[in-house]
Amino acid sequence: MTYSGQVTVGGPADVHELKDLMITKIAVGPMDNNAYLLRCRATDEQLLIDAANDADTLIGMIGDDGIASVVTTHQHGDHWQALAAVVEATGARTYAGRDDADGIPVPTEVLVDDGDTIRVGQVELTARHLVGHTPGSIALVYDDPHGHPHVFTGDCLFPGGPGRTTNPVDFTSLMDGLEERIFSPLPDEAWVYPGHGNDSTIGAERPHLAEWRARGW
């Protein structure tokens, strides 16, 4: 079946099947958070992005193969409610942005900086540090050698605009980071997987950058 990226809490996951990577998206918790399970096709190693909520649901999705690692995109509580339970059940290594790790109550084993590589099996993800929504938010970019890139943006980029910021300085910082590290290097075909809601593409959002700047949110 064709991947749509449209998921609802309590409903089934949706699976995006790439040549080297399987991406399973599921919605969990009262804030409709997205969690993403990445599976390397060559090795079957798995990585979870945002153990946001509903630990039993996430552990069921992970299955008997477990996960090698779990990445928390940022320190806001709705993105780590199930982290302790998932780590306890799987023994997964924890990753988070260096400047957000202190705000996550589960110890971060690997502190992530801009440009760092995070591996899942033979697949490499590149971390991009984005300041504004939180001090240490990270996006993860998979540059698919067989197609277009895929980027997991946490709460830094959604269909229709950047993530929430609380002051003009943070807004400008987030917009600058998005333009420099996401929009500038990525093609229009790049697929965007946000922390809440439906997916998008860089091409769908790029024409609105000036509009977002002008409105200030």
Side-chain angles (χ1 to χ4, degrees), residues 1-9 11-29 31-41 46-54 57-58 61-62 67 69-74 76 78-80 82 95-97 112 117-121 123-130 133-134 137-164 174 177-178 181-183 185-206 208:
M1 295 181 64
T2 302
Y3 173 79
S4 71
Q6 297 178 355
V7 293
T8 57
V9 175
D14 198 5
V15 181
H16 203 169
E17 298 195 26
L18 309 178
K19 185 174 178 64
D20 295 336
L21 186 69
M22 289 183 61
I23 302 167
T24 302
K25 176 181 182 179
I26 198 165
V28 293
M31 297 185 70
D32 293 350
N33 286 75
N34 295 326
Y36 299 94
L37 182 66
L38 279 54
R39 185 183 186 96
C40 171
R41 286 183 175 272
Q46 297 190 120
L47 173 151
L48 181 69
I49 298 175
D50 283 346
N53 212 307
D54 297 348
T57 297
L58 296 180
M61 177 177 68
I62 290 166
I67 52 173
S69 48
V70 56
V71 179
T72 303
T73 58
H74 63 289
H76 287 160
D78 58 308
H79 289 259
W80 47 253
Y95 292 72
V112 180
T117 297
I118 300 174
R119 298 182 65 89
V120 51
V123 169
E124 292 187 351
L125 309 170
T126 301
R128 303 316 314 251
H129 179 205
L130 299 168
H133 182 68
T134 66
S137 289
I138 53 173
L140 298 177
V141 179
Y142 169 50
D143 191 2
D144 185 354
H146 308 288
H148 55 72
H150 299 256
V151 54
F152 302 87
T153 56
D155 284 4
C156 287
L157 177 64
F158 297 102
R164 179 181 59 85
L174 180 54
L178 285 170
R181 296 176 174 177
I182 302 297
F183 283 93
L186 294 179
D188 286 350
E189 296 78 16
W191 197 275
V192 175
Y193 305 82
H196 306 262
N198 293 335
D199 299 354
S200 188
T201 64
I202 291 297
E205 306 305 323
R206 193 190 307 276
H208 304 288

Candidate pair S137 and D155, rule side chain to side chain donor-acceptor pair (under 3.5 Å), full reasoning: CA-CA 8 Å; S137 289; D155 284 4; over 6 Å; no
Please determine whether side chain to side chain contact (heavy atoms under 4.5 Å, CB included) holds for the pair M31 and H76, giving the CA-CA distance in whole Å, both sets of side-chain angles, and the decisive distance to 0.1 Å. CA-CA 12 Å; M31 297 185 70; H76 287 160; over 6 Å; no
Quick one: do L157 and V192 satisfy side chain to side chain contact (heavy atoms under 4.5 Å, CB included)? Show the steps, please. CA-CA 8 Å; L157 177 64; V192 175; 4.3 Å; yes
Pair D32-H196, side chain to side chain donor-acceptor pair (under 3.5 Å): steps then yes or no: CA-CA 6 Å; D32 293 350; H196 306 262; over 6 Å; no
Run the side chain to side chain contact (heavy atoms under 4.5 Å, CB included) test on D20 and Y142 for me, step by step, so that the C-alpha distance in whole Å, both residues' side-chain angles and the decisive distance to 0.1 Å come before the verdict. CA-CA 11 Å; D20 295 336; Y142 169 50; 3.7 Å; yes
Mind running side chain to side chain contact (heavy atoms under 4.5 Å, CB included) on F152 and T73 for me, showing each step along the way? CA-CA 9 Å; F152 302 87; T73 58; 5.8 Å; no
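Between L58 and A51 the shortest heavy-atom distance is CD1-CA, 3.6 Å. The two residues V112 and A127 come nearest to each other via the heavy atoms CG1-CB, 3.4 Å. The heavy-atom pair separating L174 from P162 by the smallest distance is CD2-CB, 3.8 Å. In terms of heavy-atom proximity, E205 sits nearest to F158 at OE1-O, 3.9 Å. The minimum heavy-atom distance linking H148 with D144 is given by the pair O-CB, 3.3 Å. Taking every heavy atom of both residues into account, N198 and Q6 meet most closely at OD1-CG, 3.5 Å.
A donor-acceptor distance shorter than 3.5 angstrom exists from the side chain of T201 to the backbone of A204, with no hydrogens or angles considered. Of the possible donor and acceptor atoms, none in the side chain of H129 sits under 3.5 Å from a partner among the backbone N and O of I138. Side-chain atoms of Q46 come within 3.5 Å of backbone N or O of I62 as a donor-acceptor pair.
A side-chain contact (heavy atoms from CB on, under 4.5 Å) with R128 holds for exactly one of L140, I182, L178, L186; it is I182. When each of W191, Y36, Y193 is checked for a side chain to side chain donor-acceptor pair (under 3.5 Å) with H150, only Y193 meets the rule.
V71 has its side chain within reach of L47: a pair of non-hydrogen atoms, C-beta onward, lies under 4.5 Å apart. I202 is listed as a side-chain neighbour of F183, based on a closest heavy-atom distance under 4.5 Å. Put simply, the side chain of S200 does not reach to within 4.5 Å of the side chain of P194, judged on heavy atoms.
Atom CG of L48 sits about 9.0 Å away from atom OG of S69, to the nearest 0.5 Å.
The salt bridge (Lys or Arg N to Asp or Glu O under 4.0 Å) check on D188 picks up R206, with sequence neighbours excluded.
Inspection of the S4 and D14 side chains reveals an N or O donor paired with an N or O acceptor under 3.5 Å.
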Show the atom names and distances, to 0.1 Å, of all donor-acceptor pairs under 3.5 Å that link a side chain in residues 22-29 to residues at least two apart or in another chain.
residue	atom	partner	partner atom	Å
K25	NZ	G5	O	2.6
K25	NZ	G197	O	2.9
K25	NZ	D199	OD1	2.6

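Environment of CE in M61: crowded, with over 12 heavy atoms of neighbouring residues, nucleotides or ligands closer than 6.0 Å.
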